Peer 1: 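Submitted below is the structure of interest, expressed as structure tokens.
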Amino acid sequence: MRRHNEVLSYLSLLALAALGLSPTAQAASPPAPVHPDAEVNGVATAFGLTTSEAKAQLAAQDEAHRLATSLPAGLRPRTAGQWFDAATGKLTLAVTNAADADAARATGAETRLVSRTKADLDRTDDAVRALVGDGVPGVFGWGVDVRNNEVGVSIDRSRKTAETESFLSRARDLGVRITETGSSPRQQAGTIQTGSPWWPGSETYCSVGFGATDSAGGKHFLTAGHCTNDRDQAAYGAQSQQNRIGTSNVGGTRSVNAREGDMGVVAVTQPGWELSAAVNTWGEPAVTITGSAEAMVGDRVCHSGNTSKWKCGEVKYTHKSVDYGGGLIIEDLTWTTACSLGGDSGGGWLLGTKAVGLHDGGPSKCVENPSDGDMSLFQPVIEALNKWNLTLVTGGGTGDTTAPSAPGNARTTGTTSNSVSLAWDAATDNVGVTGYDVYNGSTLATSVTGTSATVTGLSPDTSYAFTVKARDAAGNVSPASGAVSAKTQPGNSGGRTLGNDADFPIRDYQQVFSPVTSTLTGQAATSLGISVTIRHTCAEDLGITLLDPKGKAYPLKSSGGSACTAWNGARTFSVPGASSPAGGKWQLRITDYGPGDTGVLDTWSLTL
């Protein structure tokens with residue numbers, strides 16, 4: 001089993017029993033301030049500030065986030081990046097012309113005039129990803145550096161080969177910045193058995209991330225995927241297989257340690273274990289998780305882990321890829337200057353009292369002024385919560401015990417040979433409905449935030465019965481709707497066109513991965529055809545890439561534009577000159593690069 005230090009991104013951090021995993025039920029801590037003393041002290045220590053200076057810096061950071069979410073809709077897609085500048089205490093926007101600079105300054109932001117648009121950077125980043133493929137010796141990181149308006153590639157000079165030099169020659173032609181270091185991050189292993197650990201079977205410990213519940217009220221906690229990669233493995237609260245908590249990676253579907261990310265789930269099934277929103281701050285004042293957020297470059301963030309304890313640092317990059325070697329490439333991680341050590345894997349990262357990530361990996365030892373090779377990396381936590389339809393355990397005013405009403409007027413809106421589309425009337429709640437769970441008989445089929453869904457993977461010419469339940473932020477679940485009967489259409493002989501009809505919500509600054517699996521043999525066609533149906537308020541915010549079974553990326557659409565226009569319906573794309581195997585898992589990746597928009601991927605198809 002491989003170990004990384006992972007961190008949950010901007011979601012409400014929920015640690016098991018104060019992260020100490022005490023088998024005694026614990027009362028929720030009182031609501032924490034916006035910037036708890038533990039964070040203030042950690043930031044002051046990390047950056048050599050007084051507590052007053054740290055508080056002022058964090059208040060300025062809050063204002064930068066507020067301003068970033070309130071930028072004019074027409075300005076957002078024209079910027080080439082944004083970050084919090086601790087030196088000025090302001091949000092800084094990268095713009096490419098004087099008119100946008102004037103518009104940005106009018107909002108209160110600082111500006112930096114740059115030559116490359118966001119679409120330029122995204123195209124270069126996709127080109128570098130395609131060059132890296134399944135890995136190049138010595139290349140351990142690549143991604144957009146918004147502060148320098150460039151795409152950077154990180155090289156460990158001690159691992160360079162002739163293949164590396166060939167890659168570098170082609171990368172330089174793309175205009176990327178090459179940074180060479182004498183070290184590189186690694187998925188860390190735990191050997192120091194102190195702190196608040198959990199043990200996967202008989203192996204060395206990892207750190208607890210955040211507590212979460214499922215739609216039926218079942219208890220879980222999130223942690224690193226490389227700590228949960230063994231299917232149905234017992235999880236313990238003490239070494240030597242003592243004090244069992246539950247089971248990790250139930251059914252083999254609750255762990256990811258690949259390009260998609262590094263995240264996993266442990267089911268808490270044993271009596272006496274309770275979930276807590278309290279974070280173990282290792283002697284610092286208490287912190288209680290109140291929600292989740294998305295980290296910005298320049299943010300001051302802190303993490304809690306078994307080995308390095310409570311450490312803080314600065315976000316240097318977001319959505320940056322890492323290659324740990326041995327074929328293990330993970331995309332879209334957040335890179336920070338905070339110290340971390342082996343055994344921190346899976347622990348939680350926070351922005352104030354908001355959960356932001358799960359610890360993934362980092363250096364072999366902590367250093368001052370870390371280079372790219374000495375950074376600590378975390379997996380954004382919101383992606384993990386969405387992937388497994390989990391609700392973060394939070395404290396500070398979350399005592400809601402009232403369930404929503406049952407969804408009304410559940411009905412069928414369409415069928416295919418392998419899918420059924422449903423709709424229903426919205427449920428009501430004393431606080432607010434946050435989502436709906438659709439059941440195929442007694443089995444959870446899909447979860448959505450709106451009042452419609454498509455259930456896929458069904459058999460042709462077969463009758464099914466569906467019900468819908470509503471849930472709120474506190475995990476309360478409504479009674480079931482009335483049952484809806486539907487029959488799929490007769491099947492056909494198939495062919496070289498594959499599709500996925502499942503609805504995938506598209507959220508601000510997040511990625512959607514919609515897979516299809518091909519059983520074809522041989523090579524795919526040299527010219528691929530793709531049809532994508534999306535409903536979204538700002539097509540210019542979206543970047544779309546096709547990933548083949550080997551992870552090769554084919555860019556279909558870049559983000560960027562002078563204004564936001566809606567996307568409602570199907571658009572077609574073609575990939576000439578493709579070179580990919582036909583069989584295996586293909587994925588459509590949609591990245592939302594802008595704030596304040598809503599949308600959903602309805603369906604897509606691929607002709608091989």
Side-chain angles (χ1 to χ4, degrees), residues 4-13 39 43 46 61 64-65 68 81-84 86 125 140-147 151-152 154 184-188 207 209-210 222-226 256-257 259-263 292-305 308 311-324 329-340 344-352 354-363 370-387 507-511 591-593:
H4 332 224
N5 295 355
E6 287 185 302
V7 182
L8 296 175
S9 60
Y10 255 67
L11 281 171
S12 317
L13 289 164
E39 181 195 18
V43 169
Q61 178 176 291
H65 275 267
Q82 62 185 29
W83 62 92
F84 169 61
D125 189 36
F140 67 85
W142 57 93
V144 174
D145 182 348
V146 293
R147 284 188 281 205
V151 173
S154 302
S184 54
R186 61 186 186 129
Q187 290 193 318
Q188 295 157 328
S207 296
F210 306 107
L222 290 164
T223 186
H226 67 270
V256 174
N257 184 28
R259 285 185 181 269
E260 181 183 353
D262 183 12
M263 49 194 168
S292 61
E294 182 79 20
M296 179 192 298
V297 169
D299 277 344
R300 275 57 182 140
V301 292
C302 303
H303 76 98
S304 180
S308 66
K311 299 294 182 183
C312 301
E314 176 182 297
V315 173
K316 285 292 187 180
Y317 313 105
T318 59
H319 305 292
K320 182 171 180 175
S321 303
V322 66
D323 187 343
Y324 286 120
I329 294 175
I330 302 177
E331 297 180 341
D332 295 313
L333 296 178
T334 300
W335 295 47
T336 81
T337 63
C339 166
S340 67
D344 289 340
S345 293
W349 286 79
L350 298 88
L351 181 72
K354 305 291 187 181
V356 293
L358 299 168
H359 189 67
D360 168 65
S371 68
D372 285 2
D374 303 309
M375 297 278 180
S376 294
L377 288 60
F378 68 79
Q379 158 73 46
V381 73
I382 294 176
E383 183 181 355
L385 292 170
N386 290 341
K387 180 176 181 62
R507 299 184 172 90
D508 289 344
Y509 300 116
Q510 295 186 39
Q511 290 190 325
T591 305
D592 189 323
Y593 292 99

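FYI, side chains are in, hydrogens and waters are out, and symmetry mates aren't considered; it's all heavy atoms of this structure. All values reported here derive from a predicted model rather than from experimental measurement.
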Peer 1: List the atom of Gly141, the atom of Lys320, and the distance in Å for their closest heavy-atom pair.
Peer 2: C-CE, 4.0 Å

Peer 1: How long is the span from the CG atom in Asp323 to the OG atom in Ser154, to the nearest 0.5 Å?
Peer 2: 11.5 Å

Peer 1: Heavy-atom count around Lys311 NZ within 6.0 Å, excluding the residue itself: above 12?
Peer 2: no

Peer 1: Hey, does Leu222 have a side-chain heavy atom less than 4.5 Å from the side chain of Met263?
Peer 2: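 A side-chain contact under 4.5 Å is absent here.
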
Peer 1: Taking the side chain from His303 and the backbone from Cys339, do they hold a donor-acceptor pair closer than 3.5 Å?
Peer 2: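 Yes: the side chain of His303 pairs with the backbone of Cys339.
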
Peer 1: For Thr337, enumerate each residue passing the side-chain contact (heavy atoms from CB on, under 4.5 Å) test, keeping only those at least two apart in sequence or located in another chain.
Peer 2: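 With neighbours one apart ignored, the set is Glu314, Lys316, Pro370, Met375.
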
Peer 1: Run the side-chain contact (heavy atoms from CB on, under 4.5 Å) check on Val146 and Gln82 step by step: do they pass?
Peer 2: CA-CA 7 Å; Val146 293; Gln82 62 185 29; over 6 Å; no

Peer 1: Between Ala295 and Val315, what is the shortest heavy-atom contact and its length?
Peer 2: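 Result for this residue pair: CB-CG2, 4.3 Å.
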
Peer 1: Tell me, please, which residues at least two apart from Asp592 pass side chain to side chain donor-acceptor pair (under 3.5 Å).
Peer 2: His536

Peer 1: Output all residues satisfying side-chain contact (heavy atoms from CB on, under 4.5 Å) with Asp125, sequence neighbours left out; order by chain, then residue number.
Peer 2: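 Arg129, Trp142, Val144, Val151.
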
Peer 1: Compare every heavy atom of Gly261 with every heavy atom of Gln379, then report the nearest pair and how far apart it is.
Peer 2: OE1-CA, 3.2 Å

Peer 1: Short question: side chain of Ser376, backbone of Ala338 - any donor-acceptor pair under 3.5 Å?
Peer 2: yes

Peer 1: Going by the rule salt bridge (Lys or Arg N to Asp or Glu O under 4.0 Å), which residues pair with Asp374 if we only count those two or more places apart in sequence or in a different chain?
Peer 2: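 Asp374: no salt bridge (Lys or Arg N to Asp or Glu O under 4.0 Å) contacts found.
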
Peer 1: Checking Arg507 now: which residues fulfil side chain to side chain donor-acceptor pair (under 3.5 Å) with it, not counting sequence neighbours?
Peer 2: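 Partners of Arg507 under the side chain to side chain donor-acceptor pair (under 3.5 Å) test: none.
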
Peer 1: If you round to the nearest 0.5 Å, how far is NZ of Lys354 from CD1 of Ile382?
Peer 2: 10.5 Å

Peer 1: Look up atom OH in Tyr509 and atom CG in Asp332, then write down how far apart they are to the nearest 0.5 Å.
Peer 2: 15.0 Å

Peer 1: Check side chain to side chain donor-acceptor pair (under 3.5 Å) between Tyr317 and all other residues, then give those that pass, not counting sequence neighbours.
Peer 2: Asp372

Peer 1: Mind running side chain to side chain donor-acceptor pair (under 3.5 Å) on Gln511 and Thr591 for me, showing each step along the way?
Peer 2: CA-CA 4 Å; Gln511 290 190 325; Thr591 305; 2.8 Å; yes

Peer 1: Applying side-chain contact (heavy atoms from CB on, under 4.5 Å), name anything that partners Val322, two or more places apart in sequence or on another chain.
Peer 2: Tyr324, Ile330, Leu333, Trp335, Leu377

Peer 1: Taking only residues two or more places apart in sequence or in another chain, which ones pass side chain to side chain donor-acceptor pair (under 3.5 Å) with Glu260?
Peer 2: Lys387

Peer 1: Report the residues that fulfil side-chain contact (heavy atoms from CB on, under 4.5 Å) with Ala86, sequence neighbours left out, ordered by chain and then residue number.
Peer 2: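 Once residues adjacent in sequence are excluded, the partners of Ala86 under the side-chain contact (heavy atoms from CB on, under 4.5 Å) criterion are Gln57, Phe84, Arg300.
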
Peer 1: Ignoring hydrogens, what is the shortest heavy-atom contact between Glu39 and Cys302? Give both atom names and the distance.
Peer 2: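 Nearest heavy atoms, Glu39 then Cys302: CG-SG, 4.0 Å.
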
Peer 1: So which atom in Ala68 and which in Met296 form the shortest heavy-atom distance, rounded to 0.1 Å?
Peer 2: CB-CE, 3.9 Å

